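The figures here come from the full heavy-atom set of this structure, side chains too, leaving out hydrogens, waters and symmetry mates. Numbers restart at 1 for each chain; the letters A, B, ... are given by sequence-line order, proteins then strands. Everything quoted here is computed from the prediction, not taken from an experiment.
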2 protein chains.
Amino acid sequence: MHDLLLKNVRPLGGATTDILIRDGRIAQTGSLAAQPGIAVEDGGNAIAWPGLIDAHTHIDKTTWGMGWHENNREATLRSRIDFERENRLAIGLDPHRQSMRHAIGLAAHGATHIRSHVDIDTTHGLRLVEGVQETREKLKGIIDIEIVAFPQSGVVCMPGTVELLDEALSNGCEVLGGLDPCGIDRDPKGQLDVLFQLALKHGVDIDIHLHEAGELGAFSMELIFERVRANGMQGHFAISHAFCLGMNDYLRVGKLMEQIAELDIAILTTGAPSATVPSVKRLKEHGIRIGAGCDGIRDTWGPWGQPDMIDRARIIGMKNGVRSDDDLKFMLEIVSQGGAEVMHLDGYGLDIGDHADFTLLAGETPANAVVEITPPPLVVKGGQVVARNGVCIIEMP
Amino acid sequence: MHDLLLKNVRPLGGATTDILIRDGRIAQTGSLAAQPGIAVEDGGNAIAWPGLIDAHTHIDKTTWGMGWHENNREATLRSRIDFERENRLAIGLDPHRQSMRHAIGLAAHGATHIRSHVDIDTTHGLRLVEGVQETREKLKGIIDIEIVAFPQSGVVCMPGTVELLDEALSNGCEVLGGLDPCGIDRDPKGQLDVLFQLALKHGVDIDIHLHEAGELGAFSMELIFERVRANGMQGHFAISHAFCLGMNDYLRVGKLMEQIAELDIAILTTGAPSATVPSVKRLKEHGIRIGAGCDGIRDTWGPWGQPDMIDRARIIGMKNGVRSDDDLKFMLEIVSQGGAEVMHLDGYGLDIGDHADFTLLAGETPANAVVEITPPPLVVKGGQVVARNGVCIIEMP
């Protein structure tokens, strides 16, 4: 655990102050004198912001740092899943090396926490999870990685998957994933009953991908609502993507959001370029917890994205028609505090006693920081400087 | 006019070759030996692509390089127009300095041509145009700037504007602009009749902003179709934004596109984050000329954008749900050849005899180049190297 005196920063864009870190936690703020044995950094009057959080990503999937992956393939969700499962190793998608690259890139750009879904299927068993677990170990103290046991190829339609998920949750995966109970598994009741049973057995949260659009997605959501209520999982369920909340029926979406709020279900958005997405402002009006993630970046699914949560805040902001400073600041909150709320992080923030996990931001104001492409001048994790000007202290392999 | 031997590049992403430039034009390709008196550059096997074209922008508006402009104002189109007109000079938006910054930024990122709308109104007269004309003179040989005489505050609703437009077209503005005949001028027949009359008088093209959504925009388009046909302006009319073509009525949009194609009207898109936009793929299927622009960047209207047409290709691509390599390459074509077709540029391209206006691109393939954030390694204008690695030979003032 590290000590550090950081001079001359503006927490959350407010007044300039110094921050003293002791044993990896924020110990004191104000105008502080240097102390023997404690390193001093000058923050250059930059904004200090709690560490950015990529709360929905797939660090086992990216081709980052590899040759360009040409992609003119058929574009159904199912075909993308199958292509990836069948070809990922042949293409050279080493789960450890690629997750190192993705995670180091995120840390270099101000992130201190990741929730990554990692594929579990009957082709690869738990090998992809093991690769990411190796990354998690190597990056301890640089960036925290939470792993979602993610049945990318389906749950009940791929016999043997449930047993693998069960094993993964006994072996270090913190959250149970899932996806499209109708669209992928073709058996919504079957899939959801199994997922809830597994989650209750292991005492873990569920975070399910829901790409299903319009009324199909709404139907799956309703099945989820019933089970969250029946199993007392209020506050412990997250829906990623939730494209159906982007449907063009204002009243229907309002009713769904009311139930999401009542059951304290969290929503995770990526501002997906090629889909309808939920309005983050409307989710906020309903008091719903909202996190965000960069999802897959430059993978076999598609070419977009960077390992950079400020870049993602821009994508979500543009997708949501955001223009005002207040709304831009909200984008920054979604990729930081929002993720912390979804992941139930303790001691997250810039208050005395909080973990010293934060980033300095380029830009005069929080709104300015969202549109600024200059990388964060300094990133601090547990009181240690882990990146400067977009370069992490650990090199990408 | 410049001579240059550029070794080792891949025109349009094809086979590696050398390019000999004589008197500012492409004279020869193939494996070429150095010649006495001709400078040699090594292209490092990068893709060579015709110069990028920002075919819809407002280089008199950006706050680039100034302090952050806070913006939590009321968000109607009319209020944005009025705020800007009334405050631009007080804010410090010097039209010459700011247009220099914008244009130099574009050149640094691979652009060789700009079509910029420049505000003409009864508050500023032609002073903003004059500021941009000064920029055009100073940047001769670096980037070409075409100026659209743009009645941002309205035509018939602001008496005195028509006379100013008339004067501007006699004094170096090449194209006549306009906007929202219903939404802004509240007199579609009145505005359009005046604009067509002015364009015919000066023998110039018209390029009109059409933000009007849905059926209102479709109505304005139909009034335009009637006048293009009646006045024989086929091939000489462009509609910028055309948000109504993003309306959710497949058949209606198809009928509008058929007429646009028949009248050879060009469409200019910016992939506007906060609006419905026309599908560029569908426009292409109809054989319609499509250019693109970065529009206003970081101005009093909104915070988004960079002086960078590759960044804009990404925004348009994401907005259009693009994923495949073929579609990504099409995004690159829109921000280059597409703009040239809209602006009727002669000698644009990489063939023998064409102007030596091109950029090298980072990335293995054209698709890769669209998602690569590394700036262009080299930009050539009239055979002169005008930028390297995102830095123009002329500094921003």
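- Heavy-atom distances place the side chain of A:E364, and not its backbone, under 4.5 Å from chain B.
- With a 4.5 Å cut-off on non-hydrogen atoms, A:E372 touches chain B through its backbone and its side chain both.
- Ranked by heavy-atom pairs under 4.5 Å with chain B, the first of A:G305, A:G363, A:A272, A:G321 is A:G321.
- Counting heavy atoms of neighbouring residues, nucleotides and ligands inside a 6.0 Å radius, atom CD of A:E86 exceeds 12 of them.
- Between B:I315 atom CD1 and A:I315 atom CD1 the span is 9.5 Å, to the nearest 0.5 Å.
- Minimum interatomic distance between A:V322 and B:W304 (heavy atoms only, all atoms of both residues): O-NE1, 2.7 Å.
- Residues A:E70 and B:T365 have side chains not in contact (no heavy-atom distance under 4.5 Å, counting atoms from C-beta outward).
- Heavy atoms of A:R314 lying under 4.5 Å from chain B belong to its backbone as well as its side chain.
- Chosen from A:V370, A:V371, A:N72, the residue pairing most often with chain B at heavy-atom distances under 4.5 Å is A:N72.
- The candidate with the highest count of non-hydrogen atom pairs below 4.5 Å against chain B, out of A:R73, A:R80, A:K319, is A:R80.
- Scanning all heavy atoms of the two residues, the minimum distance from B:D325 to A:H69 falls at OD1-O, 4.1 Å.
- Within the 4.5 Å cutoff, the side chain of B:R323 has heavy atoms near those of the A:P303 side chain.
- Heavy atoms closer than 4.5 Å to chain B are found nowhere in A:N320, neither backbone nor side chain.
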